[in-house]
There are 2 protein chains.
Amino acid sequence: MDVDTRLLRYFAVVAEEGSLTRAAELLYVSQPALTKQIRRLEAGLGVDLFTRSRTGMALTEPGRALAERVPALLSGWETALRETRGAASRAARVLRVGFLASAANEATQPIIAEFARRRPGWRAEMRQASWSNPSAGLADGDVDIALVRLPFPGQEALRLLPLFSEPRRVALAASHPLAARETIAFRELWDEPFVAAPAETGRWREYWLAADERDGHPVRVGAVTEHPDDWLTAIANGYGIALAPESAARFYTRPGVVYRPVTGVGPSRVAVAWDPADDDNPVVRDFVRCCRDRHPDRPGGPDGT
Amino acid sequence: MDVDTRLLRYFAVVAEEGSLTRAAELLYVSQPALTKQIRRLEAGLGVDLFTRSRTGMALTEPGRALAERVPALLSGWETALRETRGAASRAARVLRVGFLASAANEATQPIIAEFARRRPGWRAEMRQASWSNPSAGLADGDVDIALVRLPFPGQEALRLLPLFSEPRRVALAASHPLAARETIAFRELWDEPFVAAPAETGRWREYWLAADERDGHPVRVGAVTEHPDDWLTAIANGYGIALAPESAARFYTRPGVVYRPVTGVGPSRVAVAWDPADDDNPVVRDFVRCCRDRHPDRPGGPDGT
DNA sequence: TGCACCCATAACCTGGAGGCATGGACGTCG
DNA sequence: CGACGTCCATGCCTCCAGGTTATGGGTGCA
């Protein structure tokens with residue numbers, strides 16, 4: 001009997017949630033579609049996987065047996081997928097470089113240029129990640145190397161080479177009362193609503209909300225965004241304010257959004273990160289060397305191309 | 001990205017064969033269908049898996065990476081499938097008993113009856129296997145225990161308890177010249193065409209062609225059959241003759257087919273077989289005990305129900 | 001030059017997977 | 001006790017994926 005990994009994912013979620021309705025929401029499909037799929041799976045196996053009741057779906061004994069195996073199958077496929085794509089980019093002499101919007105800013109261009117010089121024939125494929133993905137795809141194996149901002153969850157499992165740090169500023173709507181100020185102390189912002197990263201980014205989100213610099217004062221979240229565009233829009237619309245690296249003031253400008261120096265929060269550190277499995281990968285090593293050689297020692301001064 | 005195991009199987013065969021045309025034949029689909037599927041896989045992965053040429057399909061480097069992983073994924077799924085079905089039959093108190101057409105014949109009924117006595121609440125689900133499957137589904141995990149005829153390929157990996165042996169006879173068309181004879185010496189049959197089992201059954205097929213009792217004389221195969229019905233038809237139509245256990249003369253009769261004693265070939269041995277992993281399975285042990293207790297010591301004498 | 005062998009493409013058909021609306025069982029609460 | 005809420009199942013519709021046959025287009029070989 002053949003199955004689709006999608007079907008296995010569906011099954012796994014239903015098994016986990018114990019409810020078709022809830023699982024359907026998580027999976028972004030309609031409940032009848034899930035009903036049909038699960039029944040199809042059961043029919044194909046010739047086995048009842050769940051006992052239905054008003055309280056939901058409970059795994060049967062054979063259902064439990066299947067549920068034990070499915071995660072390994074799915075992650076096996078994910079691994080195969082990653083390996084295949086990794087092999088493809090190696091074969092094509094492409095280094096997949098993930099970066100967070102606003103990660104390296106001015107530093108990026110010289111690093112890429114240096115890499116092109118050091119590795120003729122190779123191409124660095126730049127992939128911008130959304131803020132829901134603070135490792136910029138490295139944790140998922142989608143890229144070979146990444147330019148990131150520390151700290152982020154999962155960084156312990158990666159190699160990290162810090163490149164530089166830069167002060168953080170606060171971005172706020174031009175119409176905001178504090179926008180008139182030259183400099184702002186962070187504690188003045190404790191009660192402001194913030195534009196935050198998605199919740200699943202954990203420590204990363206905390207860091208940009210400066211949760212550690214609030215003396216336990218709770219955070220107000222006015223909006224959640226994943227991309228610079230939404231972020232700027234949310235700030236311009238006054239949904240909230242946000243901390244941002246100094247270089248964002250040069251890279252992400254928009255009428256109605258201003259950046260102001262802020263005291264009382266630490267700087268942001270930029271690093272290059274890679275998978276320990278690539279420690280011996282000469283292309284990755286070269287890229288890291290490019291980063292070390294080429295990161296601007298003075299984070300100011302955009303240098304064009 | 002989601003995939004179907006079917007797609008992975010397709011890919012594996014194309015990778016193995018190095019040719020869409022040949023793979024399509026093996027998979028019983030049309031060549032354009034395979035073309036489309038493989039291209040779809042490549043598109044989904046965003047990776048070229050093969051280089052096409054007039055000589056066929058050669059794996060690329062990433063294609064090779066995928067091909068290395070796929071067998072493990074497929075067998076992982078097969079395992080999950082078996083475990084789930086096994087759990088289902090345990091939960092339903094069903095012992096899946098595989099048997100070859102004509103394996104135990106008269107012995108089967110008393111064994112089942114004894115099992116019902118010894119394990120009230122349990123049910124023995126009898127599954128007749130075709131002759132392309134001499135382990136009666138045990139090798140594939142489709143059944144928990146099997147009544148088989150020795151020898152067959154793969155028996156070394158199983159537990160076997162021989163139950164009894166019975167002489168072999170020859171089945172031939174009533175119109176066959178030798179049908180008039182009371183007894184036939186096997187060497188008289190060396191040049192006769194035989195009705196054989198499918199080639200993939202290896203040693204099992206050999207045994208029923210009595211390849212060892214021919215002094216190297218080559219076998220003529222007149223027809224290949226998988227089921228008793230085809231087998232009887234082939235013999236009645238004169239496509240060939242065949243060896244059969246003595247009990248087949250009682251169980252598989254048809255106008256135009258006669259059975260005659262034959263000298264010069266060894267007897268056939270019936271055994272009960274199970275997976276070593278089930279050595280401690282009390283239900284399997286019970287069934288084995290039923291076999292030991294209940295097999296007819298005198299293979300003759302049909303005893304009805 | 002014509003053929004044989006591959007793979008790709010085109011046109012068409014069917015079934016499966018999705019969506020929406022609704023039904024039916026059952027507990028809960030006013 | 002009846003109205004409602006919460007599940008999962010069903011019916012109907014649409015659309016796409018996967019299959020088929022027929023055909024095209026390279027390329028080596030006789």
Side-chain angles (χ1 to χ4, degrees), chain A residues 1-64 66-67 70 74 77 81, chain B residues 1-60 62-64 66-67 70 73-74 77 81:
Chain A
M1 182 214 167
D2 285 313
V3 272
D4 196 319
T5 50
R6 183 173 28 90
L7 191 47
L8 295 180
R9 286 190 294 111
Y10 285 6
F11 167 74
V13 173
V14 174
E16 178 76 21
E17 292 297 314
S19 152
L20 279 177
T21 313
R22 241 171 318 147
E25 278 166 25
L26 292 178
L27 291 164
Y28 301 106
V29 295
S30 68
Q31 169 262 313
L34 249 194
T35 295
K36 221 194 293 184
Q37 293 294 16
I38 297 295
R39 295 198 92 84
R40 208 175 57 88
L41 180 59
E42 291 181 322
L45 292 165
V47 168
D48 284 346
L49 299 170
F50 296 94
T51 55
R52 275 88 167 158
S53 73
R54 65 207 151 288
T55 89
M57 312 269 288
L59 282 171
T60 60
E61 190 50 52
R64 223 170 348 258
L66 183 60
V70 163
L74 289 175
W77 168 239
L81 203 56
Chain B
M1 181 215 167
D2 285 313
V3 271
D4 195 321
T5 52
R6 182 173 29 91
L7 191 46
L8 294 181
R9 288 191 293 110
Y10 285 5
F11 167 73
V13 173
V14 174
E16 178 76 20
E17 292 297 314
S19 150
L20 279 177
T21 314
R22 241 172 316 148
E25 279 166 23
L26 292 178
L27 291 164
Y28 301 106
V29 294
S30 67
Q31 169 261 315
L34 252 194
T35 295
K36 222 197 287 186
Q37 293 292 19
I38 297 296
R39 297 198 90 84
R40 209 175 56 88
L41 180 60
E42 292 181 320
L45 293 166
V47 168
D48 284 346
L49 298 170
F50 297 93
T51 54
R52 277 85 165 161
S53 71
R54 67 207 151 287
T55 87
M57 311 270 286
L59 282 171
T60 60
R64 219 166 359 253
L66 183 60
V70 162
L73 291 173
L74 289 175
W77 168 240
L81 202 56

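Convention: sequence-line order gives letters A, B, ...; per-chain numbering from 1.
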Can you find a heavy atom in the side chain of A/Leu66 that is under 4.5 Å from one in the side chain of A/Leu49?
yes
Any side-chain heavy atom of B/Leu34 within less than 4.5 Å of one from B/Phe11?
no
Polar atom pairs between nucleotides 25-29 of chain D and protein, under 3.5 Å, N or O only, would you list them?
residue, atom, partner, partner atom, Å
D/dT27, O3', B/Arg54, NE, 3.1
D/dG28, OP1, B/Arg54, NE, 3.0
D/dG28, OP1, B/Arg54, NH2, 2.9

Mind checking [X] for me? I need base, sugar-phosphate or nothing, with any heavy atom below 4.0 Å counting as a touch.
X       : value
A/Ser19 : sugar-phosphate
B/Tyr10 : sugar-phosphate
A/Arg22 : nothing

For [X], check side chain to side chain donor-acceptor pair (under 3.5 Å) against everything at least two apart and list the hits.
X       : answer
A/Thr60 : none
B/Thr55 : B/Ser53
B/Ser19 : none
A/Asp2  : B/Thr5, B/Arg9

Interatomic distance, [X] [atom1] vs [N] [atom2] [rounded to whole Å]:
X       : N      : atom1 : atom2 : value
B/Asp4  : D/dG18 : CG    : P     : 8 Å
A/Leu20 : D/dT10 : CG    : C1'   : 14 Å
B/Asp2  : D/dG18 : CG    : P     : 12 Å

Those residues at least two apart in sequence (or on a different chain) that pass side chain to side chain contact (heavy atoms under 4.5 Å, CB included) with B/Leu73 are A/Trp77, A/Ala80, B/Leu8
Tell me the salt bridge (Lys or Arg N to Asp or Glu O under 4.0 Å) pairs involving residues 10-27 of chain B, sequence neighbours left out?
B/Glu17-B/Arg22
With sequence neighbours left out, which residue pairs that include part of residues 29-47 of chain B fulfil the salt bridge (Lys or Arg N to Asp or Glu O under 4.0 Å) condition?
B/Glu42-B/Arg52
For residues 18-46 of chain A, the ring pair (Phe, Tyr, Trp, His ring centres under 6.0 Å) pairs (sequence neighbours left out) are none
Not counting sequence neighbours, which residues clear ring-ring contact (aromatic ring centres under 6.0 Å, His included) with B/Tyr10? List them please.
none
Counting only heavy atoms and a strict 4.0 angstrom limit, can you tell me which residues of residues 26-39 of chain B come near DNA chain C?
B/Gln31, B/Pro32, B/Thr35, B/Arg39
First and last nt of DNA chain C near chain B, cut-off under 4.0 Å to heavy atoms, 5' to 3', are C/dC6 to C/dT9
